[in-house]
Each structure stands twice: as C-alpha cells, then as structure tokens.
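Only one structure is covered here, and it is reproduced in the block below.
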There are 2 protein chains.
Amino acid sequence: MPQTRSYEPPPREMLRDVCRESGVRLTNQREQIWDSFRRKRRGMSITEAVEAHEKRGIGLSTVYRTVALLEELGLLRRIHDHAGEHRYIASRPGHFHPLVCRSCGVVVEFESCGMGPVERMLAAETGFAIEGHDLEVHGRCPKCQ
Amino acid sequence: MPQTRSYEPPPREMLRDVCRESGVRLTNQREQIWDSFRRKRRGMSITEAVEAHEKRGIGLSTVYRTVALLEELGLLRRIHDHAGEHRYIASRPGHFHPLVCRSCGVVVEFESCGMGPVERMLAAETGFAIEGHDLEVHGRCPKCQ
DNA sequence: ATTCAGTTGAAAATGATTGTCAAATACCCC
DNA sequence: GGGGTATTTGACAATCATTTTCAACTGAAT
Ligand SMILES: [Mn+2]
Ligand SMILES: [Mn+2]
Ligand SMILES: [Zn+2]
Ligand SMILES: [Zn+2]
C-alpha cells in the first residue's frame, strides 16, 4: 500500500551534507542551481535551467555539469513531462517515484510502489536477476481536473 | 501476478495492417525500417538506426520521421538503456512493459504489472485522476549473470 | 595566509534534430 | 493496367543541444 508524501522540497542543507559525504565541493553555483530546482514544483528541463541561470551569470556548461552531478548524488530525479521530454525535480536520495500532472506538471512523490512481488515473479519466470525499476505515474492533479 | 512473454518480435504483417487502419501509406522505407527494428532484440537508438539505413540509401530525415510515426502507431516502444539513453524496440500496440538487461540490452516484455491497486490508492490519497503509468524493470538476463 | 586540486565560463567543436522543397511514389479511381 | 493526386522521400541547410577546451578562479584543507 503506497505511502504518499505531498511534495515539499527537500531541505536546503541537504546539498551541503551530501557534498561533504561524497567529497565534492560546495560552490556558490551549485547552491544556486539546486535552490532553483527546489523552488520549482514542476522541475525544469536542462534548457530551462540554462536559460534561468545565464541571467544570473552562471555559465551553460556549469548548468549541464551540475545537473549531471546532482542527479548522480540523488538530489535531482529525472522525469518525463506530458510531451515525453526530460525534466528534473529536486528530490531526496532514495526510492521514490513521481506522480506527474499531465496538465500543469506538478509532481508528488510516493514511496511504496508494490513492485516487490512483481519483481520476484518476473525473476522466476524469466531467469533475470532483477536490479531495479523505473516507474512514473501520470494523471491530473485536483486543480487541473 | 505478471504474465511474461519471452520476447518474440511482432509479426511482419502488423505494419501493413496498422497502416491500413490509420490511413498511412505503406512505403518501402517504412517496411525496411520496421523490419530492422524487428530483427534487433535490443532495439536501436535513433542514431544507430540512421547509421544502419544510410548504408541502404534511406535518408536520415526519413529515419527520424519513421521512428516518430511508428512510435505513434504503437509499433515501437521507447526504452532507456543502461546508460539512460533512449532506444526503441519493435512492439505490439498495447499495455506492455520492458524488462531490460543492463549488460547486453536484450528486452523481454511483460503485461501485468500489478499497478491497478497502487493507482487506486494513489488516487485516493492525492486526489489525482490517474491516467496511466510508465514502468521499466532492469536487471541481468540469464546469459549475462 | 598559502596552497592546490577541483571548479568555472567563454568560446569553439561537435553532435543531434528539424525544416525546405523538388523529385519520386503509393494508392485511389477509372 | 494506366493516369491523377496527395503523401512521402532525400539532399542539403538551418537550427538547436551537448561536450570539449583551457586559462582563470575558488573552496577548503593546512
Ligand atoms: Mn527518457
Ligand atoms: Mn519502487
Ligand atoms: Zn495539474
Ligand atoms: Zn543480458
């Protein structure tokens, strides 16, 4: 049974902590970029992020590099918008899945997806060693219905 | 409980039929491109498909246009390979999900994913009207373990 | 304060995707 | 089987997205 968390952005200091742990430097640019994702409940495509930051004087390569880094650190999660394009949302590291509104793009994350039994059955039937899954649910949020 | 189908490519004549129904012309190029996807159990990225067909004199724009068309018709399904890149596999139209080998890329499709109850629970907890989901399972095929 | 590996940004290089348009062709109707 | 026509194709150019390069800069450890 899924445990839903209404979407609230991960705490600001999480970047600081994760950088420490993983021996990566906490720079001004990384903080600004992470913050801008935290503030957008719909996430941004890389192109939108580049655009949003060149105004502030952050270089395009830095945006590309930082999005890749934050994704590796588990602080950004990649989702598909209604048009199938990649967008990124700020997220805590861990096993969460996005529920995405096809109309306004707002994202709610949820944790338990019920895939355990399905994976065991798949393993038994196919001989695959299952290592993980990607799951995304789409619909319309209450406001957009 | 998931019903697994070991991956066998959809029948050749399916393109013909789907084209008829949807009032789209069956061209030589479309047949060749669809066939080449049917023959690859791991699918191809668009770039690989372009490369494979320029040898045979099929233009690059045609490959792009055809992949988009076949995806719309439900004859190609987009998946993510181990590196997160988009690849396309030949597939029947309908509700199937890919189980992808992270090592060799081979794909097995399965049908029942157990998402019904999860979606009902999500709807109840979030107020979203659920419209669908994307699911992909990753692991290692028997040969690759 | 000093040091230095890690990070940044401008610019160029590369790669991927889309647009244009004249020529070719699938398929409908005789 | 042979036109007639809207669709489709392919060369090429234009555009857009991503990666590389490298000198200057800076976070953080000492
Ligand atoms: Mn994708
Ligand atoms: Mn899960
Ligand atoms: Zn909405
Ligand atoms: Zn394999």
Side-chain angles (χ1 to χ4, degrees), chain A residues 12-37 43-73 75-76 78-88, chain B residues 12-37 43-73 75-76 78-88:
Chain A
R12 197 152 188 290
E13 64 275 14
M14 186 172 273
L15 175 61
R16 177 172 217 76
D17 299 344
V18 173
C19 281
R20 285 249 177 77
E21 283 182 35
S22 57
V24 122
R25 289 189 187 169
L26 180 63
T27 69
N28 221 294
Q29 290 91 332
R30 285 171 182 172
E31 271 189 324
Q32 281 189 240
I33 292 171
W34 160 246
D35 272 348
S36 75
F37 278 102
M44 289 184 281
S45 66
I46 289 213
T47 310
E48 288 168 338
V50 165
E51 201 172 298
H53 287 284
E54 62 192 9
K55 295 168 189 165
R56 313 199 209 168
I58 296 183
L60 128 179
S61 352
T62 300
V63 176
Y64 272 95
R65 289 184 289 229
T66 302
V67 167
L69 174 68
L70 294 176
E71 192 186 8
E72 288 220 329
L73 296 177
L75 295 173
L76 287 184
R78 191 174 73 182
I79 65 174
H80 292 102
D81 65 17
H82 58 93
E85 306 298 325
H86 287 159
R87 223 145 30 97
Y88 296 85
Chain B
R12 201 152 185 292
E13 62 276 14
M14 186 170 274
L15 175 61
R16 175 170 217 78
D17 300 344
V18 172
C19 280
R20 284 246 176 78
E21 283 183 34
S22 56
V24 121
R25 289 187 186 171
L26 179 62
T27 68
N28 221 293
Q29 290 90 334
R30 286 170 181 172
E31 272 189 325
Q32 280 188 243
I33 291 170
W34 161 246
D35 272 349
S36 76
F37 277 101
M44 288 185 281
S45 66
I46 290 211
T47 309
E48 288 168 339
V50 166
E51 200 173 299
H53 287 284
E54 61 192 10
K55 293 169 190 164
R56 310 199 214 169
I58 296 183
L60 130 177
S61 350
T62 300
V63 176
Y64 272 95
R65 288 185 290 231
T66 302
V67 167
L69 175 69
L70 294 176
E71 191 185 8
E72 288 220 331
L73 296 176
L75 295 173
L76 286 185
R78 191 174 75 180
I79 65 174
H80 292 101
D81 65 15
H82 58 93
E85 306 298 325
H86 287 160
R87 220 145 30 102
Y88 296 85

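In this text, all values refer to a predicted model and were calculated from it rather than measured experimentally. The basis for the numbers below is simple: all heavy atoms, side chains too, and nothing from hydrogens, waters or symmetry mates. Quick note on labels: first sequence line is chain A, next is B, and so on, each numbered from 1.
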Heavy atoms only: give me the nearest A/R30-A/V24 pair and the separation to one decimal.
NH1-CG1, 3.6 Å

Nearest-Å distance, CD (A/Q32) to C1' (D/dT26)?
15 Å

Classify the ring geometry between A/Y88 and A/F37 as parallel (under 30°), tilted (30 to 60°) or perpendicular (over 60°).
perpendicular

B/E71 and B/R78, any side-chain heavy atoms less than 4.5 Å apart
yes

Could you go through the side chain to side chain contact (heavy atoms under 4.5 Å, CB included) check for A/L69 and A/R65 one step at a time?
CA-CA 6 Å; A/L69 174 68; A/R65 289 184 289 229; over 6 Å; no

Heavy atoms of B/T62 and B/I33 approach each other most closely as O-CD1, 4.3 Å

If you look at every heavy atom in B/L26 and B/R16, which pair is closest and at what distance?
CD2-NH1, 2.9 Å

To the nearest Å, give me how far apart CZ (B/R30) and P (D/dT7) are.
11 Å

B/I58 CD1 - D/dA11 P separation (whole Å)
11 Å

B/I33 has an atom CD1; how far is it from atom P of D/dT8, in whole Å?
13 Å

Rounding to 10°, can you tell me the angle the first-five-pair axis of the helix from C/dA1-D/dT30 to C/dC30-D/dG1 makes with its last-five-pair axis?
50°

B/H53 NE2 to D/dT9 C1': how many Å, rounded?
15 Å

Any sub-3.5 Å donor-acceptor pair from B/S22's side-chain atoms to B/V18's backbone N or O?
yes

I need the CD-P distance between B/E48 and C/dA16, as an integer number of Å.
11 Å

Hey, does B/Q29 have a side-chain heavy atom less than 4.5 Å from the side chain of B/T66?
no

Atom of A/V67, atom of A/I46 and distance for their closest heavy-atom approach
CG1-CD1, 3.9 Å

Tell me the interatomic distance from A/Y88, atom OH, to D/dA17, atom P, rounded to whole angstroms.
14 Å

Between B/W34 and B/L75, which heavy-atom pair has the shortest distance, and what is it?
CZ3-O, 3.0 Å

Using a 4.0 Å cut-off on protein heavy atoms (strictly under), produce a 5'-to-3' string for nucleotides 17-30 of chain C with B for base contact, S for backbone-only sugar-phosphate contact, and - for none.
BBB-----BBS---

What's the CD-P distance between A/E31 and D/dG27, to the nearest Å?
10 Å

State which residue, out of A/R56, A/H53, A/E48, fulfils the side-chain hydrogen bond (donor to acceptor under 3.5 Å, both in side chains) condition with A/S36.
A/H53

Positions of residues 78-87 of chain A (non-hydrogen atom under 4.0 Å from DNA chain C), listed by number:
none

